[in-house]
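What follows is one structure encoded as structure tokens, with my remarks underneath.
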Amino acid sequence: MSSPAAAFPLSQAAPVATADAVPRTVVHKFGGTSVADAERYRHVAQLLLQRREAEQVSVVSAMKGVTDSLIDLARLAAEGASHWRDAWHALRARHRGAAVALLAEDAGEGVEWLDAQFDELLLVLEALAVIGGLPREVLDRVQGLGEVCSAFLLGQHLLALGEACAVLDAREVLVVDHGELGVTVDWALSAQRLQQWRRNNPQPRVVVTGFIARDRQGRITTLGRNGSDYSGAIFAALFNAEELQIWTDVDGVLSADPRLVPEAVQLEALSYDEACELAYFGAKVVHPQTMSPAIERGLPILIRNTFQPAHPGTRITAQRSIRGPIKGLTLSPELAVVNLEGTGLIGVPGTAERVFSALRQAHVSVVMISQGSSEHSICCVVRGNDAAQARDALLRAFAGELAAGQVQRVHVTDNVSVLAAVGDGMAGQPGVAARLFEALGRARVNILAIAQGSSERNISVAIRSEDATRALRAAHAGFWLSPQTFAVGVIGPGNVGAALLDQLQAAQPALLARANIDLRLRAVASRGGMHLAPRAVQGDWRSALAAQHETSDLDRFTAHLQAAHLPHAVVIDCSGSAEVAERYAGWLAAGIHVVTPNKQAGSGPWERYQQIRSAALASGARFRYEATVGAGLPVITTLRDLVDTGDEVLAIEGIFSGTLAWLFNRFDGSQPFSALVAQARALGYTEPDPRDDLSGVDVARKLVILAREAGRALSLPEVQVESLVPEALRDGDVETFMGALEQGDAALLQRLQRARERGAVLRYVAALTADGASVGLAEVPATHAFANLQLTDNVVQFRTRRYCDNPLVVQGPGAGPEVTAAGVFADLLRVAAGEGARL
Ligand code: ADP
Ligand code: ASP
Ligand code: MG
């Protein structure tokens, strides 16, 4: 391919740049999104007029959606569908409307010109209806009409504004060939024709039709769907432009398709190589062939936003700007994996050649190839539509080997997408593939095949299409191109749940800004109803929950959390309900993390506990429940660290109830115990029914949780529990109970006095030793740590092989919604950190 610009220096005919560096020639390409209606043409014209360029060439696409409509129209007519005329009328009306709005007093002539085009189209369509088929050449003629009308509208509008402007129908100059490797340009012929055309049309502004051209036989053709970008690059070469600016509806090339990854970031600069990889693998923003005319000439391409003309956009040049290992990710949908497998392939030269020539003969293009060094199988990714053909071609080509049992099978997996990570920065840098695979693994995406070229600019993986969006988002977050996002659902906005939701909403912006993690609250379920937010709960969660009218349903709640295609989902159960705990194993098996202050699962039936643990182990999802013991205190974390580092727990002792701690800290005989219970209740230190605290069951549950964490298969019925609720008062309503509680005062006072005589105090203590587990009142020496607690403080002592003389003690406030919620929140952050968030 020779350079047309060198051979035919066309632009020298145009005005030459002046001293204050007005660019000589700039080619602008406006996509369909930039010229959707009259208003947008006006906007584009203003944008052009504001630019000081000696020669200004605008290549335009059809109005948004028009090419699709024209193709539909041709198909409908060819199929003999009755309503094609209505569609034709609608399309003509859309163009007429734009002409009337744009062309002021010239509108009449404009509409006439457009009508002539549509009349001609009508004739073609009628002919199609008669012949009942759609020959390729006719389709090419029909589908290019949108560009013809579009260039006319913009050109006439500029003229109506008093600008000297010429409209170039690319079919007059652009000659192309359709080869196996796509469309190639006859540069010499095209340049010569353009030179001729320019002699008769020397205006400084030119509007050119994108997409369309002629072949060497003079037949109308196109450059393929989305081909106007390529037209832009071709005309930039033919006009010897200094720059090609591609105007679209986004701020440039983004790190991923913004429709799939809303957090995608704009890329300031790309090398041609990177842009080729991104474009080739499906980033729709630039057509893949656009780059080749630019590369040859070192022509910079800018991708810019028509709606934000001040934004600098993305600059694509030969220069490499390396920022991080990858620049962007692309996703190609609607593919299939074809796998040829056989022991007879091992070490046999020429197998690959036979596979590819069979596919070539069947006109199947291969998107991705992968073969392991065992040579036992060879795997190709092809377009979904070609899969059956590809399989048949291979079955034919290897029929002999299949019959002889040397090839075992040719297998097709449909509904496949290819995810590709692209960037010059990955060359020679270890760990890039690992990061991609880790992100996909964490998002539970199975990889079907892998390919990386030795240019190390692209790592591609074939995955199932149903996983594609989640995979793309996970990889995008995994490379820190966007925040690590978690879909969070909270059940039970009671005291702790409400405090947690408040903390979550308050901390969310700072976590996003500082640590790049997005804890996105998507669902809140209470007994009275639930709120499922389309994206995230907006504003205060209380009003959102109050405004909903949906009854709570945990199936829908779960489906909603998963539907977001976010890489990670977390359920936070603040309900205290055993029914919700029944769901944990299912959630964990589905990869949803579970965080909870609810003691039901940790202290409930051993079998369920085991199911929950194994579900978590199998899926890698985490089950965290730090706040079940000691509220926000790091009790379970400490115990885990001890066990994980190989220590052996000999005994655990402590005061695990803030309520009972407070009561016995205050119980000095100066007032009856029942009066203290009434006070604690009034202060909100007890459960609504203080028997829940006084029965000791809650403490026993905490002891079970710790025992299991320490490796003991303990269950609740095995714990010896001393209840402080007199036998006769166990049933009946709360108020009756409170009224009668003084019945037990005398006995408790007596125990206190006996303890004192021995220089001790009374404390409600939980103990796990080699001999068993018990919770109940104990006499504690007045000098003992347990005898000197403040207010509602909890204390836990771990006696282990390493901490044997002097136990490890965790102590501090162990009750209250705020600190408990903070414990839950900390668990959530640990889950996030476990998923790679950098906190
Ligand atoms: P035009 O009509 O201007 O040619 P297109 O619709 O062909 O516009 O291409 C622009 C669209 O490409 C954007 O609106 C965006 O949704 C999509 N797109 C896909 N991948 C990317 C990406 N990586 N960067 C930017 N845009 C992308
Ligand atoms: N109008 C053509 C299409 O929709 C070309 C383009 O817009 O790039 O494919
Ligand atoms: Mg496009």
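Counting convention: from 1, in listed order, for ligands and their atoms alike. Given the structure is predicted, the values throughout are model-derived calculations rather than measurements.
- Heavy-atom separations between Ser34 and ligand 1 are all 4.0 Å or longer.
- Using a 3.5 Å distance cut-off with no hydrogens or angles, the side chains of Glu277 and Asn458 do pair a donor with an acceptor.
- Looking only at side-chain heavy atoms (C-beta outward), Val173 and Phe235 come within less than 4.5 Å of each other.
- Residue, atom and distance of the protein heavy atom nearest to atom 6 (C) of ligand 2 are Ser228 OG, 3.3 Å.
- No side-chain donor-acceptor contact under 3.5 Å links Thr209 and Glu147.
- For ligand 2, one of its N or O atoms has an N or O atom of Glu147 under 3.5 Å away.
- Those atoms of ligand 2 that come under 4.0 Å of a heavy atom in Thr67, given as number and element, are 1 (N), 2 (C), 3 (C), 4 (O).
- If you look at His287 next to ligand 2, there are no close heavy atoms at all, none under 4.0 Å.
- Residue-level proximity to ligand 1 for Lys29 is carried by the side chain, the only part with a heavy atom below 4.0 angstrom.
- By the criterion of a heavy-atom distance under 4.0 Å, both the backbone and the side chain of Thr33 are placed next to ligand 1.
- Counting only N and O atoms by type, the side chains of His43 and Thr306 include no donor and acceptor under 3.5 Å apart.
- Between Thr248, Asp249, Leu278, Val250, it is Asp249 that holds the heavy atom closest to atom 14 (O) of ligand 1.
- When heavy-atom distances to ligand 1 are checked against a 4.0 Å cut-off, Thr330 has no atom that comes that close, whether in backbone or side chain.
- Closest to atom 7 (O) of ligand 2 among all protein heavy atoms lies Ser61 OG, 2.9 Å.
- Remark: the Tyr272 side chain and the Ser292 side chain contain no N/O donor-acceptor pair separated by less than 3.5 Å.
- Residue contacts with ligand 1 include Gly252, since one of its heavy atoms falls under 4.0 Å from the ligand.
- For ligand 2, the atoms lying closer than 4.0 Å to a non-hydrogen atom of Gly227 are 5 (C), 8 (O).
- Of the N and O atoms on the side chains of Asp424 and Ser271, at least one donor lies less than 3.5 Å from an acceptor on the other residue.
- In the candidate list Leu331, Ile246, Asp257, Asp257 is nearest to atom 21 (C) of ligand 1, counting heavy atoms.
- The ligand atoms of ligand 2 that sit less than 4.0 angstrom from a heavy atom of Asn226 are 3 (C), 5 (C), 6 (C), 8 (O), 9 (O).
- Side chain to side chain, Ser255 and His476 meet the donor-acceptor criterion of an N or O pair below 3.5 Å.
- Below 3.5 Å of separation, one finds an N or O of Arg225 facing an N or O of ligand 2.
- Atom numbering of ligand 1 starts at 1 in the shown order; those under 4.0 Å from a heavy atom of Asn226 are 7 (O).
- Atom OG of Ser69 and atom CD of Gln143 lie 12.5 Å apart (nearest 0.5 Å).
- One N or O on the side chain of Ser465 and one on the backbone of Asn415 form a donor-acceptor pair closer than 3.5 Å.
- In this structure, Pro258 has a heavy atom closer than 4.0 Å to ligand 1.
- Gln217 and Arg219 share a donor-acceptor pair across their side chains, judged by distance under 3.5 Å alone.
- If you look at Ser255 next to ligand 1, there are no close heavy atoms at all, none under 4.0 Å.
- Among the atoms of Leu254, some N or O lies under 3.5 angstrom from an N or O of ligand 1.
- If you check the side chains of Glu243 and Gln245, you find a donor sitting under 3.5 Å from an acceptor.
- Remark: Arg193 is not positioned above the aromatic ring of Trp187, lacking an NZ or CZ atom under 6.0 angstrom from the ring centre and at most 45 degrees off the axis.
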